[in-house]
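Remarks on the structure that follows.
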Amino acid sequence: MKILFKFTLILNLLIVCTANAQNNKAHNPIIFADVPDASMVRVGDTYYMSSTTMHMSPGLPIMKSKDLVNWELINYGYETLGNNDELDLENGKNMYGRGSWASCIRYHNGTFYVSTFSATTGKTYIFSTKDLEKGPLNKIEFTPSYHDNTIFFDDDGKIYMIWAAGKLNIAELKDDLSGVKEGTERVLIENASAPAGTNIMLGAEGSQLFKVNGKYYLFNITWPRGGMRTVVIHRADNINGPWEGKVGLQDLGVAQGGLIDTPDGRWFSYLFRDYGGVGRIPYIVPVKWEDGWPVLGENGKVPETLDLPASKGLIPAIAASDDFKRKKKDRALPLVWQWNHNPDNSLWSLKERKGYLRLKTGRIDTSFVQAKNTLTQRTIGPESTGSTSLDISNMKEGDFAGLCLLQKEFGLVGVKVDNGTKKIVMVSAAGNAIKELGNVPINQNKIYFKAECNFKDKTDKANFFFSLDGTSWTRIGEPINMPYTLPHFMGYRFGLFNYATKHVGGSVDFDYFHISDRISNSD
């Protein structure tokens, strides 16, 4: 019995030690939220990453980390890309699924450079600053729009840009980065998808160029028809070629990104994976060097755990609660917040009623997705809940305000004013049908809403709730499915909204927005 007892004790200790070891390591995905198209650079012991938020303003999010796992938002490349009907949600136009994407961040001679492009404006952009956190970022823009471009500073002082899909192009940039040097544009690789086969659905794109030990390494993503997203790597001794290519990784559809090294000499690759309604989520895979090639993964697979510090969670560095209380030197809106398209800054305020976000109506809209001044932030996986409280005493006839889950197939819970009566309604936009799935008349001016998202194993379902006292919650309507759709090309986002359908001049006051990484109901 004593021997059995000792054996059981040792076994339990081993289990506990193993569990603790696992808990002290990083787990993939490193960020369970929509942070796609990553580009990274290390400066000293600090890593910097740029990413994509498509049609959101401000845009081109920039994050930093000390360990490749725990990231925090520190800035954006721009407040707005400019002004036109698509960016401003005017005249029935929009830039859903467009805006800007696939940026590239680099550091050269004490200055950070972040490049991107926009098919919506038809321009290429390069933002620069010596201080990514304090800025400001200087903007250079030129035509045309160079798709999925990477910027590269070579050792000989030349500056290159590589872009396009399938057939990749390269050109030298002017010394002031104001455009391409005339006569330098040419084809870099005729068919960069070739290492992944001949039956290709998505031509090699998302270029990221690196130089390691005198060799050039070009990373791309491609997608064989009937297969999965795939990493393709090309290498050359000279930037003019010849280039030889091979498949770098083909597992779980984890792809698109590049190389990063640590101060102690280890190498990793940063990539992303399509994960349904929560969006495209970042992964890190270890890299070993063999015969002059970076070898990604462990035996060709993406590991679940990494020899990196464990995540401390995404709240509040990537998503955060907000009680809308501000001190003198605080930002008006913390970096976790982004507007759906360009905002009308005359129609929102944190000063008119201190401690509240006021959203005012300034025009008539017939569609939620065309309404201005929806304030959003990311949902997070595997579960997340967003909740808010509204004072609805200043709403006008036809106004609709509340809490949303924004994507093409959106879901809403809010208050509608109809024939002088206020009612709580839940709306679903499944498929191409916008339907009201529940309504409850109310006769009070303070109301509470929450939305619960379940992204576990791509469940991709959400439920909406209301409360009359902030304590007792009632589910309303039906669960919504949360499919990732290409027209919006973004993971679902929590949002606070208010728009008018009949009369302008109404307003609502949001007391808070709270986010948590738990849900109470997994239906």
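Each residue takes its place number in the sequence, starting with 1.
Judged by distance alone, the side chains of Asn342 and Ser57 do bring a donor and an acceptor atom under 3.5 Å apart. Side-chain N/O atoms of Lys123 and Ser145 include no donor and acceptor closer than 3.5 Å.
In this structure, Phe497 and Tyr499 have tilted ring planes: the angle between them lies in the 30° to 60° band. Classification of the Tyr512-Tyr448 ring pair by plane angle, with boundaries at 30° and 60°, yields tilted. Note on ring orientation: taking the six-membered ring where Trp is involved, the planes of His488 and Tyr96 are parallel (angle under 30°, cut-offs 30° and 60°). In this pair, His147 and Trp101 present their aromatic rings perpendicular. The plane angle is above 60°, beyond the 30 to 60° band. Below 30°, between 30° and 60°, or above 60°: for Tyr107 and Phe112 the angle between ring planes is between 30° and 60°, a tilted geometry.
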What's the verdict on ring pair (Phe, Tyr, Trp, His ring centres under 6.0 Å) for Tyr113 and Phe153, showing C-alpha distance, side-chain angles and the deciding distance? CA-CA 10 Å; Tyr113 297 88; Phe153 296 89; 4.9 Å; yes

For Gln377 and Met56: C-alpha separation, side-chain torsions, deciding distance, then whether side-chain contact (heavy atoms from CB on, under 4.5 Å) applies. CA-CA 10 Å; Gln377 60 171 285; Met56 296 291 166; over 6 Å; no

Could you walk me through whether Asp511 and Asp391 satisfy the side-chain contact (heavy atoms from CB on, under 4.5 Å) test, starting with their C-alpha distance in whole Å, then the side-chain angles of each, then the deciding distance to 0.1 Å, before giving a yes or no? CA-CA 8 Å; Asp511 190 4; Asp391 181 335; over 6 Å; no

Mind running side-chain contact (heavy atoms from CB on, under 4.5 Å) on Asp469 and Lys446 for me, showing each step along the way? CA-CA 8 Å; Asp469 58 12; Lys446 189 164 189 178; over 6 Å; no

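Remark: Tyr275 engages no residue in a side-chain hydrogen bond (donor to acceptor under 3.5 Å, both in side chains) (not counting sequence neighbours). The side chain to side chain contact (heavy atoms under 4.5 Å, CB included) test applied to Asp45 returns Lys66, Pro263, not counting sequence neighbours.
Gln444 contributes a side-chain N or O that, together with a main-chain N or O of Leu468, makes up a donor-acceptor pair within less than 3.5 Å. Checked by atom type and distance alone, the side chain of Asp88 never pairs as donor or acceptor with a backbone atom of Asp85 at under 3.5 Å. Ser207 places no side-chain N or O within donor-acceptor distance of the main-chain N or O of Thr150, the cut-off being under 3.5 Å. Judged by distance alone, the side chain of Thr120 and the main-chain N or O of Gly99 form a donor-acceptor pair under 3.5 Å. Asp365 places no side-chain N or O within donor-acceptor distance of the main-chain N or O of Ser367, the cut-off being under 3.5 Å.
You'll find the side chain of Trp473 reaches within 4.5 Å of the side chain of Lys450, heavy atoms only.
Glu90 pairs with exactly one of His341, Gln370, Arg363 by the side-chain hydrogen bond (donor to acceptor under 3.5 Å, both in side chains) rule, that one being Arg363.
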